[in-house]
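Source: prediction; values computed, not measured.
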Amino acid sequence: MAASPGVCPAADNGRVARNRQRGGRAAADRTVSEAVDGGVAELVPDRDRPRAWTLLVDGAPQSHVDLDDPARLDFAYQRRLGHVADLAAPPGRPLHAVHLGGGAFTLARYLAATRPRSTQQVAEIDAPLVGLVRRVLPLDPAARIRVRGGDARAVLARVPDDWADLVIADVFRGARTPAHLTSTEFLTEARRVLRPGGVYAANLTDGPPLAHLRGQVATAAAVFPELALAADPVVLRGRRFGNAVLAASAVPLPVAELTRRVAGDPHPGRVLHGRELVDFTGGASAVTDATAKASPEPPPSAFEP
């Protein structure tokens, strides 16, 4: 089971395709492709930035990394996760962070760049993928990033109580989040490792009729009293498969500032909170280990240019 960041919007996938087309043979010659546990991983160079790359697994874009500017988040869902991380503490203050799902370590690199001296743990089960990324896109040796091999929930269980300021869940097997990472029991474990004012953030994917996304909001509401959901309005209206970022905490979230930042992104998003989020959930039930299912398989159109 690969534990790598998941589906990005079709607009981001289109940019990957254009990079390949405009980069011509030179870009194709620089693409690195290897078999990993989760399928075939490709690292595709960005024609506009000499040391930037996009990670794809079985053709699905996973994450984008710019080694010259790790604070630059290219994919819309990663920018939204970055906004949550930015608002988890005053600017520049080091954090203790747990990343469930490694991929190309984009968010771990981001925190190391924006919050120096942060201490981070990354759970990634796909050892060949870790080896590929470390070789082609090496981590800064000065960054306090420890990569732990293993299932995300098993790694989380080994994190001490009240250790983390931030837990980011971005775990996919192929293009689907495994069922055991969608339940109240899993989220209860995430809350256990968070400090009292800590924040949990998850990259979720769904499409019409949004049953999975509504269920995940209900599940988080059963564990955390404060929630906010950020996504493209088209996704929230159930008109397109895509990503949504869920933020949860035991204390009030900075919703106004999160809303401002999400609305100001190159691909503007919307934030649901309070009554609006309750209405969106529509009476969905919380998911338990006994009832959990993997997130839906994205349609082929989700990856079209």
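Counting only distance, with no hydrogens or angles, the side chain of D206 and the backbone of H212 share a donor-acceptor pair below 3.5 Å. R79 contributes a side-chain N or O that, together with a main-chain N or O of D74, makes up a donor-acceptor pair within less than 3.5 Å. Using modelled atom types, no side-chain atom of D161 and backbone atom of V193 make a donor-acceptor pair closer than 3.5 Å. In this structure a side-chain-to-backbone donor-acceptor pair under 3.5 Å is present from Q120 to A108. In this structure, T281 contributes its side chain and G283 its backbone to no donor-acceptor pair below 3.5 Å. Here the side chain of T119 pairs no donor or acceptor atom with the backbone of R144 at under 3.5 angstrom. Between the side chain of S118 and the main chain of P94, no donor-acceptor pair closer than 3.5 Å is present. A donor-acceptor contact shorter than 3.5 Å is absent between the side chain of Q121 and the backbone of R148. Under a 3.5 Å cut-off, the side chain of T219 and the backbone N or O of A286 do not form any donor-acceptor pair. Side-chain atoms of D66 never come within 3.5 Å of backbone atoms of R72 as a donor-acceptor pair (strictly under, hydrogens ignored).
Inter-residue side-chain proximity for D151 and H180 is flagged as met; some heavy-atom pair is nearer than 4.5 Å. You'll find the side chain of D86 reaches within 4.5 Å of the side chain of Y110, heavy atoms only. The shortest side-chain heavy-atom distance between T54 and F75 falls under the 4.5 Å cut-off. Side-chain contact between L100 and D170 is absent, with no heavy atoms from C-beta onward closer than 4.5 Å. At least one side-chain heavy atom of R80 sits under 4.5 Å from a side-chain heavy atom of V262. A heavy-atom distance below 4.5 Å is not found between the side chains of T182 and K293. L139 places a side-chain heavy atom less than 4.5 Å from the side chain of R109.
Residues A169 and F186 come closest through the heavy atom pair CB-CZ, 4.4 Å. When all heavy atoms of V223 and T188 are compared, the pair lying nearest together is CG2-OG1, 3.8 Å. In terms of heavy-atom proximity, D37 sits nearest to A127 at OD2-N, 4.0 Å. Across all their heavy atoms, T106 and S63 have their closest contact at OG1-CB, 3.4 Å. Here the closest non-hydrogen pair linking L156 and R192 is O-NH2, 3.2 Å. The minimum heavy-atom distance linking F280 with L236 is given by the pair CE1-O, 3.6 Å.
A cation-pi arrangement is present between R30 and W53 under the rule of less than 6.0 angstrom and at most 45 degrees off the ring axis.
Atom CG of L55 is separated from atom CG of L132 by 7.5 Å, given to the nearest 0.5 angstrom. Rounding to the nearest 0.5 Å places CG of L95 at 11.0 Å from CZ of R117. Taking NE2 from H99 and CD1 from I145, the interatomic distance works out to 7.0 Å, rounded to the nearest 0.5 Å. A distance of 4.5 Å separates CG of D68 from CZ of R51, quoted to the nearest 0.5 Å. In this structure, R134 CZ and L129 CG are separated by 11.5 Å, a value rounded to the nearest 0.5 Å. With rounding to the nearest 0.5 angstrom, the CG atom of L277 is 6.0 Å from the CG atom of L272.
Looking only at atom types and distance, the side chain of H64 has a donor-acceptor partner in the side chain of D46 under 3.5 Å away. For the residue pair S183 / D289, a side-chain donor-acceptor distance below 3.5 Å is found, with atom types taken as modelled. D232 and Y77 share no side-chain donor-acceptor pair at under 3.5 Å.
Shown here are the side chain to side chain contact (heavy atoms under 4.5 Å, CB included) partners of S33, two or more places apart in sequence or in another chain: V40, E42.
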- Message: Could you walk me through whether R195 and D162 satisfy the salt bridge (Lys or Arg N to Asp or Glu O under 4.0 Å) test, starting with their C-alpha distance in whole Å, then the side-chain angles of each, then the deciding distance to 0.1 Å, before giving a yes or no?
- Response: CA-CA 4 Å; R195 291 172 175 172; D162 302 326; over 6 Å; no
- After noting the C-alpha distance and the side-chain angles of V98 and Y200, does the key distance pass the side chain to side chain contact (heavy atoms under 4.5 Å, CB included) rule? CA-CA 10 Å; V98 178; Y200 171 81; over 6 Å; no
- Task: May I have the step-by-step check of side chain to side chain contact (heavy atoms under 4.5 Å, CB included) for V199 and L87, ending in yes or no?
- Result: CA-CA 9 Å; V199 179; L87 298 172; over 6 Å; no
- Query: Going through the distances and angles, do V217 and L227 end up as a side chain to side chain contact (heavy atoms under 4.5 Å, CB included)?
  - Reply: CA-CA 8 Å; V217 175; L227 304 176; 4.2 Å; yes
- List the steps and the verdict of salt bridge (Lys or Arg N to Asp or Glu O under 4.0 Å) for R261 and D265. CA-CA 7 Å; R261 295 187 182 208; D265 279 338; over 6 Å; no
- Query: Is there a side chain to side chain contact (heavy atoms under 4.5 Å, CB included) between F105 and V65 once you walk through the steps?
  - Reply: CA-CA 8 Å; F105 311 132; V65 169; over 6 Å; no
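Taking hydrophobic clusters as Ile, Leu, Val, Met, Phe, Trp and Tyr residues chained together by side-chain heavy-atom distances below 4.5 Å, V278 does not share a cluster with V255. Under the 4.5 Å side-chain contact rule for hydrophobic residues, V235 and L246 do not share a cluster. If you chain together hydrophobic residues whose side chains sit under 4.5 Å apart, L81 and L258 fall into the same group. Both L67 and L43 belong to a common hydrophobic cluster when Ile, Leu, Val, Met, Phe, Trp and Tyr are linked at side-chain heavy-atom distances under 4.5 angstrom. Transitive grouping of hydrophobic side chains (ILVMFWY, heavy atoms separated by less than 4.5 Å) keeps V287 and V171 in distinct clusters.
By the 4.0 Å N-to-carboxylate-O rule, E276 lies close enough to R270 to be salt-bridged with it.
Within a 6.0 Å sphere centred on CZ of R93, heavy atoms belonging to other residues, nucleotides or ligands number more than 12.
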